[in-house]
K.L.:
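Just dropping this structure here.
The residues of the chain are indexed from 1 along the displayed sequence. Just so you know, these numbers use all the heavy atoms, side chains as well, and skip hydrogens, waters and symmetry mates.
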Amino acid sequence: MTSPQQPQPQPQPGAPGTGAQPMPPSAPEPATPPPSAPVPAPTAGPMPPASPPAPAAEPGTMLLQAQAQTQTQPQPQPAPVKEAGTMMLQAQPPAGGHPEPRPLAAHGPGAQGKEGGTMMLTVPAPPQAQPQLPQQSPQAPQAPAPQPPQQQPVGANWQAGNVGYVSPIPVRPTHLGHALAAEWTKIRSVRSTIWTLGVMVVLIVGIGLLTATAMSGHTVSPRIGFGFFSVMLGTLCIIPLGVLVISSEYGTGLIRTTMTVCPSRARVLAAKSIVFFLLAFVITTLATTVVSLAMAGMVGGREPTISEWLRCTVGAGLYVSMLGLLAMAVGSLLRHSAGAISAMFGVVLLPMLLAVFMLGASSLQWLAKGLITYSVPNSLATLYGIPFLGTDGGPEGWTPLWILTGVAAVALAAAFAVQERRDV
């Protein structure tokens, strides 16, 4: 078997024993006619001048010839003559992108197309080679580089100043002054404060002026001593106001908002105490000063000393304010308006009433005298210089004020302790 790539040596013409001659290598390859055109019958005559005739193959010799077809040839050329037993292999490129089978036939002499003994070999077109990306040389796996620790994201906080939203309001640490401003806003915006203080001023000033008018022409020592009656009635108004300053917030639930805005409960209670005490002291002192001036001008008697003036004005204001502060402490402990007011009225009025009933029994006179001496009405009368039982063994001067201050301090300390332990 021979192939066109390796041509056999050509024997001399007329040499004996040669039945077939190989195709000369320089001969151009004839083109295969298109499928639709009829294949011309092979002839035994000589090839055209452009293609010399191929020598006849010797019997038993298989000749493999690869014929190519160029698309630029205008006309097909006749296939060379094949003898019997010659096999031709043809490889044709696909037309239109799809492979079409082409006959590879073994032609006999004078045969056209496919005859008996024809072998059909289909050569599929090679697939289109896809462009391959340049392969990168495999690299050894590298250990991941250590990442720096990432900071946790910080939420927007308007108080932070530099992170997130920045409020135009200046950020300042809270202190007692803010709580005082809040309590002052609450106490002056509540109607009960205006009505209670208004009634107290009317009672102190009105009853004081009526007493001065009734006592005009009489001699009293000291002349401003009878202002005690008007202040005694004024205490009946300051006690409910002291209780309502804190117990009303527990009743309405506003105390939860107050403690949320200002978590320091001691600061809240201290702010309430300071605001209420100063308000009650200023109003009471002004009212008692007006009454003392009216008494000094309308009632006859000995001129009061500076100490008596201070006790009848500033001392009375301090005493009433301290009594209201005691009422506020009781209201903080009980957290109930009606119960705290009733308890405070019992503290103010009950000792005197019990002493009146005990005076008839000789065995209880010592107890009755003690209750009268340290009762709230007698303490106020002592500040004005006219105690009920005289000065025999009882407190004098500023002593009643110090006693009441000590009692109020103990009640406030208990209120602070309970406020920190109990829930709102």
K.L.:
Is Glu420 paired with Arg265 through a side-chain N to carboxylate O contact shorter than 4.0 Å?
P.N.:
no
K.L.:
Using side-chain heavy atoms (C-beta onward) and a distance below 4.5 Å, is Val291 in contact with Leu209?
P.N.:
no
K.L.:
Which distance, rounded to the nearest 0.5 Å, do you find between the CD1 of Ile239 and the CE of Met200?
P.N.:
11.5 Å
K.L.:
Looking only at heavy atoms, what is the nearest atom pair of Ala327 and Val243, with distance?
P.N.:
O-CG2, 3.5 Å
K.L.:
Could you give all pairs that pass the side chain to side chain donor-acceptor pair (under 3.5 Å) test and reach residues 226-248, with sequence neighbours left out?
P.N.:
Ser247-Ser337
K.L.:
Give, for atom CD1 of Ile187 and atom CG of Leu279, the distance between the pair rounded to the nearest 0.5 Å.
P.N.:
5.0 Å
K.L.:
Quick one: list whatever passes side-chain hydrogen bond (donor to acceptor under 3.5 Å, both in side chains) with Thr258, sequence neighbours left out.
P.N.:
Lys186, Glu249
K.L.:
Is any side-chain heavy atom of Leu349 closer than 4.5 Å to a side-chain heavy atom of Val376?
P.N.:
no
K.L.:
Do Thr193 and Leu244 come within less than 4.5 Å of each other through their side chains, counting heavy atoms only?
P.N.:
no
K.L.:
Once you round to the nearest 0.5 Å, how far does CG of Asn378 lie from CE of Met232?
P.N.:
10.5 Å
K.L.:
So do Val418 and Arg421 actually touch side chain to side chain, heavy atoms under 4.5 Å?
P.N.:
no
K.L.:
With sequence neighbours excluded, give me every side chain to side chain donor-acceptor pair (under 3.5 Å) pair touching residues 282-293.
P.N.:
none
K.L.:
Quick check for you: to the nearest 0.5 Å, what is the distance between Ile255 atom CD1 and Ile246 atom CD1?
P.N.:
5.5 Å
K.L.:
For Leu318 and Phe277, what are the C-alpha separation, side-chain angles and deciding distance, and is it a side-chain contact (heavy atoms from CB on, under 4.5 Å)?
P.N.:
CA-CA 9 Å; Leu318 288 174; Phe277 178 81; 3.8 Å; yes
K.L.:
Report the C-alpha distance between Trp398 and Leu401 in whole Å, list the side-chain angles of each, state the deciding distance to 0.1 Å, and finish with yes or no for side-chain contact (heavy atoms from CB on, under 4.5 Å).
P.N.:
CA-CA 5 Å; Trp398 296 88; Leu401 178 60; 3.7 Å; yes
K.L.:
Once you round to the nearest 0.5 Å, how far does OG1 of Thr399 lie from OH of Tyr374?
P.N.:
9.0 Å
K.L.:
Heavy-atom distance under 4.5 Å between the side chains of Ile194 and Arg188, does that happen here?
P.N.:
no
K.L.:
What is the minimum heavy-atom distance between Ala294 and Ala212, and which atoms define it?
P.N.:
O-CB, 4.1 Å
K.L.:
Mind listing the closest non-hydrogen atom pair of Thr382 and Pro387 along with its distance?
P.N.:
OG1-CB, 3.7 Å
K.L.:
So which heavy atom on Glu308 is nearest to which on Pro304, and how close?
P.N.:
OE1-CA, 3.0 Å
K.L.:
Is there a donor-acceptor contact under 3.5 Å linking the side chains of Arg256 and Thr260?
P.N.:
no
K.L.:
Applying side-chain contact (heavy atoms from CB on, under 4.5 Å) to Leu350 and Phe345, what does each step give before you reach the verdict?
P.N.:
CA-CA 8 Å; Leu350 189 58; Phe345 277 136; over 6 Å; no
K.L.:
Decide if atom CZ of Arg191 counts as having more than 12 heavy atoms of other residues, nucleotides or ligands within a radius under 6.0 Å.
P.N.:
no
K.L.:
With the side chain counted from C-beta on, respond yes when Val314 and Phe281 share a heavy-atom pair under 4.5 Å apart, and no when they do not.
P.N.:
yes
K.L.:
Identify the two heavy atoms, one from Gln419 and one from Ser332, that lie closest to each other, and give their separation to 0.1 Å.
P.N.:
OE1-OG, 3.5 Å
K.L.:
Is there a side-chain contact between Ser379 and Leu404 (heavy atoms, below 4.5 Å)?
P.N.:
no
K.L.:
For Val407 and Val410: C-alpha separation, side-chain torsions, deciding distance, then whether side-chain contact (heavy atoms from CB on, under 4.5 Å) applies.
P.N.:
CA-CA 5 Å; Val407 174; Val410 172; 5.9 Å; no
K.L.:
Are Pro400 and Leu380 side-chain neighbours, meaning at least one heavy-atom pair lies under 4.5 Å?
P.N.:
no
K.L.:
If you look at every heavy atom in Arg311 and Leu383, which pair is closest and at what distance?
P.N.:
NE-O, 3.1 Å
K.L.:
Look up atom CE in Met295 and atom CZ in Phe226, then write down how far apart they are to the nearest 0.5 Å.
P.N.:
8.0 Å
K.L.:
Under the 3.5 angstrom rule, does the side chain of Tyr384 hit a backbone N or O of Cys312 as a donor-acceptor pair?
P.N.:
yes
